[in-house]
Asker: 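A single structure is presented below for examination.
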Amino acid sequence: MVEGRAPMAGPRRPKGSDTSWPRVILHVDMDAFFASVEVLDDPRLSGRPVVVGGTGPRGVVAACTYEARVFGVRSAMPMAEARRRCPGAVVLPGRHARYAEVSAALHACFHRATPLVEGIGLDEAFLDVTGARRNGADGRELAESLRARVADELGLRCSVGVGRSKLVSKLASVKAKPTVVDGHVQPGPGVVVVAPEEEAGFLRPLPVRALWGVGPATERRLERLGVQTVADVADLPAGVLERVVGPTTGRLLAALAAGDDPRPVVPDRPAKSVGHEETFARDVVDTEVLHRRLVRLVDAATRSLRRTGRSARTVTVKVRYGDFTQVTRARTLPEPADTPQQLGAVAAALLDEVAGTGQGVRLLGVSLSALAAADRARQLRLAFDVAAAGEGDGAGAAAPGARSALAAPEAWSAVAAAVDDIRTRFGDGSVVPATLTGPDGGGARHRGEAQWGPSGGSAGRSGGRDG
DNA sequence: TCTGGGGTCCTACTGCAC
DNA sequence: TCTGGTGCAGTAGGACCC
Ligand SMILES: [Mg+2]
């Protein structure tokens, strides 16, 4: 905006008529989210360095309290290093289901401010409050009251950035956060507003890394051009930038550096893929072991798929070898499918293309994409079977035709639906694939079982689940 | 005892249709 | 030096985000 408008024209201009605020975007970001939830649920942890993440040999830090940050602990840091830096830390494995629950309550708070809420992960969200503001309050007032409400109702702190765009509000929320200043925690302002006329002064001194889409690799390439700050990017000739990072990213970056970010706040983005992956405590060479793990991963992925009432055409298998090189193999089916039997067969074939080379495998993953709504007959059958099971007609949800069950893949959809239902009511361990009931079997995988790395022990695993 | 697991998006390349 | 150019779908890799 080059409006050049004076900061404040009058004491009580009607709010919402200010054309230099075409939109008012809030970015809300929970402080140390997972770790704060743990402190909330166990107040004895208050004031202590708490680190949430993978507790096994290959775990990493997912979140940590500011008390832990004083010791140099950061998210994405290997847990081994975190323990080294902060031996007194309380290290917890994380409870995904609990965080999701708190996140839902958080979103309920957001929705009382505006229906235009776009969640990013579990702990942050953009809110377009342009309309809400026009009803009376200004951006700062909305941000302050939202923050107070979250503290009040959830007992958790958050930081809020207010700006004319996603870019600016997001960067403003960073400035609102607590900081560590030589060894102790400094509370942040909690809310930071960047008005349009302040944007250039706010953005230009920031490091390029602050821009959305600039990670370590791009930062390194820009560094070689002597580009360090947002101002450096903004002042770079367009051609140079596009040659270094590609035309699409180049144009995007140039726009962001100029403070130009028209991206709308979009509520309820449908997922484009679902998947599960697992890093083993030790590299796995045995192809049979890999296939058994694959069955669990497919089972988990298809369950996620059906839970959202969708089916998939593309199956991708991912393998990361011990030396961290990674390969993927994908196959797209002519028709969408949603059962472990159909998709598992494809996954197994893909795994055979990349396993058995003698190379140790560190990580195995399965992802399902090219998602479609599950076909109508299937959705109706699913609804019917769940209802029938609920009526106590014990035979209702079973038996896809004992004569030809294996020959009719779509019949397995009903079986899968029934299994999901049983798991919902009796727990995830109550039904597992037959191939997992041997000595190496154990319970089925489910979301959050191995969130930030293996839980310890050997690759085969048998005991030693944490909490 | 370095380097999660959930994703999105972009790019480059291939085979194929037109 | 030349069946060329283009568009599309599928595939693989990689950067990036929380
Ligand atoms: Mg956060």
Side-chain angles (χ1 to χ4, degrees), chain A residues 27 29-30 32-34 51-63 74-85 93-94 96 99-100 103 118-126 166 170 173-174 209-222 242 245-253 263 266 269-282 297 300-301 304 313-320 322-334 350 353-354 362-371 445-456:
Chain A
H27 180 257
D29 191 337
M30 302 304 290
F33 184 54
F34 298 166
V51 180
V52 176
T55 55
R58 288 172 166 178
V60 299
V61 176
R74 295 290 181 273
S75 47
M77 176 182 281
M79 189 61 81
E81 184 181 348
R83 291 185 198 268
R84 211 179 309 126
R85 286 176 181 262
H96 187 273
Y99 308 145
S103 180
E118 179 178 341
I120 308 288
L122 289 180
D123 86 312
E124 52 184 273
F126 289 104
K166 283 182 166 180
K170 169 116 177 145
S173 75
V174 174
R209 189 69 171 73
L211 292 178
W212 195 285
V214 178
T218 307
E219 182 183 35
R220 237 179 295 115
R221 279 192 275 183
L222 291 173
E242 288 176 28
V245 299
T248 307
T249 311
R251 276 190 282 271
L252 176 73
L253 232 52
R263 291 173 300 175
V266 183
R269 288 180 191 264
K272 301 197 164 180
S273 67
V274 296
H276 283 266
E277 58 189 58
E278 176 182 16
T279 293
F280 306 120
R282 292 194 323 231
L297 292 168
S304 306
R313 273 203 317 133
T314 302
V315 182
T316 304
V317 168
K318 172 161 87 176
V319 168
R320 179 135 77 216
D323 65 0
F324 247 74
T325 59
Q326 180 176 299
V327 295
T328 60
R329 290 293 180 269
R331 190 137 93 213
T332 299
L333 307 171
L350 292 169
E353 291 181 20
V354 291
R362 178 192 177 93
L363 170 148
L364 180 63
V366 175
S367 169
L368 306 172
S369 56
L371 302 184
R445 265 191 84 79
H446 56 88
R447 196 183 177 88
E449 177 180 327
Q451 293 165 127
W452 302 289
S455 55

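Every chain is numbered from 1, with letters handed out A, B, ... down the list of sequences.
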Asker: With rounding to whole Å, what would you report as the distance between dT1(C) and dG5(C) at their P atoms?
Answerer: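 That atom pair is separated by 12 Å.
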Asker: Ignoring hydrogens, what is the shortest heavy-atom contact between Gly250(A) and Glu242(A)? Give both atom names and the distance.
Answerer: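 Looking at all heavy atoms of both residues, the shortest contact is CA-CG, 4.0 Å.
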Asker: Would you kindly give the NE2-to-P distance between His96(A) and dG4(B), to the nearest whole Å?
Answerer: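 After rounding, the reported distance stands at 17 Å.
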Asker: P atom, dC18(C) versus dC2(B): distance in rounded Å?
Answerer: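 dC18(C) and dC2(B) have their P atoms separated by 28 Å.
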Asker: For Ser369(A) and Ser273(A), work out which heavy atoms get closest and say how close.
Answerer: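 Nearest heavy atoms, Ser369(A) then Ser273(A): CB-CB, 3.9 Å.
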Asker: Could you check if the base of dC2(C) is syn or anti? Syn means the glycosidic torsion is within 90 degrees of 0.
Answerer: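 The base of dC2(C) is oriented anti (glycosidic angle more than 90° from 0).
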Asker: Between His276(A) and dG5(B), does any side-chain N or O lie under 4.0 Å from OP1 or OP2?
Answerer: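 For dG5(B), OP1/OP2 do not have a side-chain N/O of His276(A) under 4.0 Å.
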Asker: Going by a 90° cut-off around 0, is dG4(B) syn or anti?
Answerer: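 For dG4(B), whose glycosidic angle is within 90° of 0, the conformation is syn.
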Asker: Examine dC2(B): is either OP1 or OP2 under 4.0 Å from a nitrogen or oxygen in the side chain of Arg84(A)? Give yes or no.
Answerer: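 It does not, given that no N or O in the side chain of Arg84(A) lies less than 4.0 Å from OP1 or OP2 of dC2(B).
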Asker: Could you check how far CZ of Arg362(A) sits from C1' of dG5(B), rounded to whole Å?
Answerer: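 Rounded to whole Å, this separation is 13 Å.
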Asker: Would you indicate what Arg58(A) reaches in the nucleic acid, counting non-hydrogen atoms under 4.0 angstrom: base, sugar-phosphate, or nothing?
Answerer: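 Answer is sugar-phosphate: Arg58(A) comes under 4.0 Å of backbone atoms only.
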Asker: Do Leu363(A) and Glu278(A) have side-chain heavy atoms sitting under 4.5 Å apart?
Answerer: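 Leu363(A) does not reach Glu278(A) side chain to side chain.
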Asker: Rounding to a whole Å, what distance do you find between Arg251(A):CZ and dT11(B):C1'?
Answerer: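 Answer to the nearest Å: 14 Å.
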Asker: Can you tell me which nucleotide in dG4(B), dT1(B), dG6(B) comes closest to the side chain of Pro57(A)?
Answerer: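 Nucleotide nearest to Pro57(A)'s side chain: dT1(B).
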Asker: Taking the side chain of Val274(A) as its heavy atoms from C-beta onward, which of dG7(B), dT3(B), dT11(B) lies nearest to it?
Answerer: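 When the side chain of Val274(A) is considered, dG7(B) is the closest of dG7(B), dT3(B), dT11(B).
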Asker: Is it true that a side-chain atom of Arg58(A) and a backbone atom of Phe280(A) form a donor plus acceptor pair closer than 3.5 Å?
Answerer: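 Looks like yes, one N/O pair under 3.5 Å.
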Asker: If I compare all heavy atoms of Glu219(A) with all of Val214(A), which pair ends up nearest, and what's the gap?
Answerer: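 Heavy-atom minimum between the residues: N-CG1, 3.9 Å.
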Asker: Quick one: on DNA chain B, does Thr249(A) or Ser75(A) contact a more 5' nucleotide (nearest heavy atom)?
Answerer: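 It is Ser75(A) whose nearest nucleotide is closer to the 5' end.
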Asker: Side chain of Glu277(A) only, please: which of dT11(B), dT3(B), dG5(B) is the nearest?
Answerer: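 Out of dT11(B), dT3(B), dG5(B), the nucleotide with an atom closest to Glu277(A)'s side chain is dG5(B).
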Asker: How many whole angstroms separate atom CZ of Phe33(A) from atom P of dG6(B)?
Answerer: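 So the two atoms are 18 Å apart, to the nearest Å.
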Asker: Take atom CE of Met77(A) and atom C1' of dT3(B), then tell me their distance rounded to the nearest Å.
Answerer: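 It is 11 Å, rounded to the nearest whole Å.
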Asker: What is the distance from CE of Met79(A) to C1' of dC2(B), rounded to the nearest Å?
Answerer: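 In whole Å, dC2(B) C1' lies 13 Å from Met79(A) CE.
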Asker: Can you name the one residue among Val315(A), Leu350(A), Thr316(A), Val319(A) that meets side chain to side chain contact (heavy atoms under 4.5 Å, CB included) with Arg329(A)?
Answerer: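 Going through Val315(A), Leu350(A), Thr316(A), Val319(A) one by one, the side chain to side chain contact (heavy atoms under 4.5 Å, CB included) with Arg329(A) is satisfied by Leu350(A) alone.
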Asker: Take nucleotides 9-18 of chain C nucleotide by nucleotide from the 5' end and write B, S or -, depending on whether a protein heavy atom sits under 4.0 Å from the base, only from the sugar-phosphate, or from neither.
Answerer: -SSSS-SSSS
Asker: Compare the minimum distances between each of dT1(B), dT11(B), dT3(B) and the side chain of Thr248(A), then state the nucleotide with the smallest one.
Answerer: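 Comparing dT1(B), dT11(B), dT3(B) against the side chain of Thr248(A), the answer is dT11(B).
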Asker: Pair Lys166(A), Glu118(A) - check salt bridge (charged side-chain N to carboxylate O under 4.0 Å, His left out), show working.
Answerer: CA-CA 11 Å; Lys166(A) 283 182 166 180; Glu118(A) 179 178 341; 2.8 Å; yes
Asker: Of the non-hydrogen atoms in Val274(A) and Ala301(A), which two are nearest, and what is the gap between them?
Answerer: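 Result for this residue pair: CG2-O, 4.0 Å.
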Asker: Among the nucleotides dG7(B), dC9(B), dT3(B), which one has an atom lying closest to any side-chain atom of Lys272(A)?
Answerer: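 Shortest atom-to-atom distance from the side chain points to dC9(B).
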Asker: Quick check: on DNA chain B, is the nucleotide nearest Gly246(A) upstream (toward 5') of the one nearest Lys318(A), or the reverse? Name the residue that is more 5'.
Answerer: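 Of the two residues, Lys318(A) wins.
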Asker: Checking all strands, does Arg269(A) fall into the base, sugar-phosphate, or nothing category for heavy-atom contacts under 4.0 angstrom?
Answerer: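 Here Arg269(A) touches no strand at all.
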Asker: Among dG4(B), dT8(B), dT1(B), which nucleotide has an atom closest to any side-chain atom of Ala271(A)?
Answerer: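 Nearest to the side-chain atoms of Ala271(A), counting from C-beta on, is dT8(B).
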